[in-house]
Amino acid sequence: QVQLIESGGGLVQAGGSLRLSCAVSGRPVGNYGMGWFRQAPGKDREIVAAISGIISETFYAGSVKGRFTISRDNAANTLYLQMDSLKPEDTAVYYCAAANPRPVVRTTASAYNYWGQGTQVTVSS
């Protein structure tokens, strides 16, 4: 059974940093496409960052490029999202998701088969 459990969310002031973790059970995190999505109240779920399976090609939404970094620790079977220079508009529930074992970056929610339950990130001004 594949399970994804996010952690690391919380309250931070603008300009601060947080690191989100996604602990994965049931599949090797390095072989599968993985992504971070977020959803703010009244907004659609949107891609934040993604990393492809095997070759680790990455993608970042324009709004977070240069501020966020997606990575994984294969030994720990954990996906990370390092978030720096946070802005109030980054406030949302952040979701970890897993796709298929392909060397292709997936940027749409429909490409992902498994989802975590989300972790709240709140950035105050």
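Asn77 contributes a side-chain N or O that, together with a main-chain N or O of Arg27, makes up a donor-acceptor pair within less than 3.5 Å. For Gln13 (side chain) and Ser124 (main-chain N/O), no donor-acceptor pair under 3.5 Å exists by modelled atom type. Not one N or O on the side chain of Asp73 forms a donor-acceptor pair closer than 3.5 Å with the backbone of Thr78. Checked by atom type and distance alone, the side chain of Trp115 never pairs as donor or acceptor with a backbone atom of Leu4 at under 3.5 Å. Of the possible donor and acceptor atoms, none in the side chain of Gln117 sits under 3.5 Å from a partner among the backbone N and O of Glu6.
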Checklist line | Test log, rule side chain to side chain contact (heavy atoms under 4.5 Å, CB included), inputs Val24 and Met34 | finding: CA-CA 10 Å; Val24 180; Met34 303 292 297; 3.9 Å; yes
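The CG atom of Leu18 sits 10.0 Å away from the CG atom of Asp90 when rounded to the nearest 0.5 Å. The SG atom of Cys96 sits 10.5 Å away from atom CD1 of Ile5, with the distance rounded to the nearest 0.5 Å. Rounding to the nearest 0.5 Å places CG of Leu81 at 7.5 Å from OH of Tyr94. Going from atom CD of Gln120 over to atom CG of Leu11 covers 9.5 Å, rounded to the nearest 0.5 Å.
Under the 6.0 Å distance and 45° angle rule, Arg19 counts as a cation-pi partner of Tyr80.
When the side chains of ILVMFWY residues are joined at heavy-atom separations under 4.5 Å, either directly or via intervening members, Val48 and Tyr95 end up in two distinct hydrophobic clusters. By the rule that hydrophobic residues join a cluster once side-chain heavy atoms approach within less than 4.5 Å of another member, Val64 and Leu20 end up as members of one cluster.
Counting heavy atoms from C-beta on, the side chains of Tyr32 and Tyr114 never come closer than 4.5 Å. Side-chain atoms of Val29 and Asn74, non-hydrogen and from C-beta on, do get closer than 4.5 Å to each other. Within the 4.5 Å cutoff, the side chain of Ser25 has no heavy atoms near those of the Gln1 side chain. Residues Phe68 and Leu86 form a side-chain contact, since some pair of their non-hydrogen atoms from C-beta on lies under 4.5 Å apart. Taking the side chain as every heavy atom from C-beta outward, Leu79 and Ile51 approach each other to under 4.5 Å.
For Arg45, the CZ atom counts as densely surrounded, since its 6.0 Å shell holds more than 12 non-hydrogen atoms of other residues, nucleotides or ligands.
The minimum heavy-atom distance between Ala111 and Ala99, with the atom names listed, is O-CB, 3.4 Å. Ala14 approaches Pro88 most closely through the heavy-atom pair CB-CD, 4.1 Å.
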Let me check something: any side-chain donor-acceptor pairs from residues 56-63 under 3.5 Å, sequence neighbours excluded? List them with distances.
unit_1	atom_1	unit_2	atom_2	d
Ser56	OG	Arg72	NH2	2.7
Tyr60	OH	Ile70	N	2.9
Ser63	OG	Arg38	NH2	3.4

